[in-house]
Participant: 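Please see the structure below; I have some questions.
Whatever order the structure lists ligands and atoms in, that order sets their numbers, starting from 1. In what follows, every heavy atom counts, from backbone to side chain, and hydrogens, waters and symmetry copies are set aside.
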Amino acid sequence: MPNPLYRQNILSVSDLSIEQLQCLLDTALRLKRQPRGDLLEGRLIASCFFEPSTRTRLSFETAVQRLGGKVIGFADGANTSAKKGETLADTARIISSYADAIVQRHPKDGAARVLAEFSRVPVINAGDGTNQHPSQTLLDLVTIYETQGSLHHLKIAMCGDLKYGRTVHSLAQALKRFGCEFAFVSPPSLAMPEYITEELDEADAKWQILPNLESAAEWADILYMTRVQRERFDDEEFAKIQGKFNLHAATLANAKPNLRVLHPLPRVDEIAPDVDGTPYAYYFEQAQNGVFARMAMLALVLNENV
Ligand code: CP
């Protein structure tokens with residue numbers, strides 16, 4: 001029987017069955033333990049980034065090359081014919097006639113689904129607007145499993161910009177399926193969107209709003225920090241919220257020993273450098289897990305058996 005991801009698009013965490021999520025997780029952990037250099041031999045992957053990225057683009061491209069494949073693509077949509085008005089539908093038709101799979105990051109919500117509709121090859125969403133970032137979620141799940149030994153019934157605190165941060169949306173949607181509880185810490189204007197809290201309610205997942213980072217650090221198994229995204233605000237608005245949700249080593253004074261601090265990165269000043277040396281910091285290991293998570297995605301969509 002082929003694996004449950006074979007020839008599938010990976011556009012949203014909500015689209016994935018528990019079986020598919022488990023298969024992705026197991027494969028990522030296995031590829032971390034037992035490297036393979038053959039799973040993408042003879043395959044060409046299009047890496048299409050219409051929006052800036054360091055980790056996602058380079059870890060996808062690392063994953064392709066470490067699995068024996070080759071990459072074409074671009075890191076800036078301004079250098080493509082999208083600038084001349086070419087539609088995403090036509091872009092999909094063209095690129096899917098060149099490559100075996102397409103990895104796309106795009107500033108517009110829903111852009112991955114549009115690309116997939118017109119693509120002849122599997123599409124992996126590398127982030128679309130404020131919507132979804134499923135490869136980030138998979139690497140987060142790999143990291144949470146690695147640090148906690150399970151994904152079940154954990155206490156997950158999410159802090160910072162919960163409104164625009166697509167990583168926290170995808171992660172909450174994934175972890176609600178494992179019986180996790182949630183706490184949210186953010187300025188009111190950047191609160192978790194209602195459509196996510198409604199989904200948590202429908203899944204009977206407990207959630208609460210906590211007033212500060214100290215209480216979240218004491219309560220949580222995972223403290224998931226996010227960047228207040230400067231580019232979403234004008235100067236006056238940004239000045240009002242800047243610095244209010246910054247984590248320091250002292251904030252972690254009453255943390256449980258198993259607490260790990262995660263962050264999708266890049267960070268600006270929401271995690272102070274003095275946190276890096278504490279036993280709670282795990283965000284650089286988390287970023288490294290991106291390679292194994294993305295290896296698993298590409299290997300599974302392009303191989304019947306992995
Ligand atoms: N976490 C993340 O998506 O980072 P990049 O924007 O650098 O890809």
Side-chain angles (χ1 to χ4, degrees), residues 10-13 24 28 45-66 71 73-79 101-112 115 123-144 146-147 156 158-175 186 190 222-233 245 247 260-271 275-276 281-298:
I10 303 179
L11 306 180
S12 157
V13 165
L24 283 162
I45 311 301
S47 166
C48 303
F49 278 68
F50 292 91
E51 202 185 43
S53 167
T54 298
R55 275 147 294 276
T56 310
R57 185 172 71 82
L58 294 181
S59 61
F60 261 119
E61 296 185 8
T62 300
V64 173
Q65 299 201 39
R66 291 214 184 272
V71 179
F74 50 86
D76 182 356
N79 296 329
I102 305 175
V103 173
Q104 178 186 250
R105 172 170 287 189
H106 199 283
K108 282 200 182 136
D109 291 25
L115 194 84
V123 170
I124 299 178
N125 182 7
D128 60 333
T130 62
N131 186 32
Q132 285 277 326
H133 195 349
S135 69
Q136 178 70 45
T137 302
L138 180 60
L139 80 88
D140 293 341
L141 295 179
V142 168
T143 307
I144 293 169
E146 186 173 76
T147 61
I156 310 291
M158 296 179 165
C159 306
D161 177 354
L162 306 183
K163 181 175 180 184
Y164 296 108
R166 60 192 168 204
T167 60
V168 288
H169 304 164
S170 301
L171 187 59
Q173 287 171 320
L175 286 173
S186 72
L190 296 177
I222 292 292
L223 178 54
Y224 196 98
M225 298 294 298
T226 62
R227 179 170 64 100
V228 172
Q229 299 193 37
R230 177 69 187 86
E231 59 267 34
R232 309 278 187 207
F233 300 91
F245 295 86
L247 184 71
R260 290 296 176 272
V261 177
L262 304 186
H263 190 308
L265 304 178
R267 69 171 157 176
V268 182
D269 50 13
E270 63 276 13
I271 299 181
V275 178
D276 297 357
Y282 210 77
Y283 25 89
F284 296 122
E285 292 88 341
Q286 177 190 6
Q288 192 185 17
N289 279 337
V291 174
F292 306 108
R294 288 160 179 138
M295 278 180 174
M297 290 177 143
L298 290 162

Participant: Kindly compute the distance separating CD (Gln104) from CG (Leu115), expressed to the nearest 0.5 Å.
Facilitator: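 One gets 4.5 Å once the value is rounded to the nearest 0.5 Å.
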Participant: Is the closest side-chain heavy-atom distance between Thr54 and Leu265 below 4.5 Å?
Facilitator: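 No. Closest side-chain heavy atoms not under 4.5 Å.
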Participant: On a heavy-atom basis, which atom in Arg57 and which in Phe49 lie closest, and how many Å separate them?
Facilitator: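 Distance-wise, the nearest heavy atoms are CA-CZ, 3.5 Å.
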Participant: Which of the atoms in ligand 1, numbered in the order shown and given with their element, are less than 4.0 Å from a heavy-atom of Leu265?
Facilitator: 1 (N), 2 (C), 4 (O)
Participant: Suppose I only count heavy atoms of Thr54 and a 4.0 Å limit; which atoms of ligand 1 are within that range?
Facilitator: 5 (P), 7 (O), 8 (O)
Participant: Which one of Arg55, Arg105, Arg227, His263 has a non-hydrogen atom at the shortest distance from atom 3 (O) of ligand 1?
Facilitator: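 Nearest option to atom 3 (O) of ligand 1, by heavy atoms: Arg105.
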Participant: Measure across Ala293 and Leu138 and return the closest heavy-atom pair with its distance rounded to 0.1 Å.
Facilitator: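 Taking every non-hydrogen atom into account, O-CD2, 3.5 Å.
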Participant: Return a yes/no value for Arg57: is any of its N or O atoms, backbone included, closer than 3.5 angstrom to an N or O of ligand 1?
Facilitator: no
Participant: Students often mix this up, so state it plainly: with edges at 30° and 60°, are the rings of Phe74 and Phe50 parallel, tilted or perpendicular?
Facilitator: perpendicular
Participant: Just distances here: any N/O of Pro264 and N/O of ligand 1 closer than 3.5 Å?
Facilitator: yes
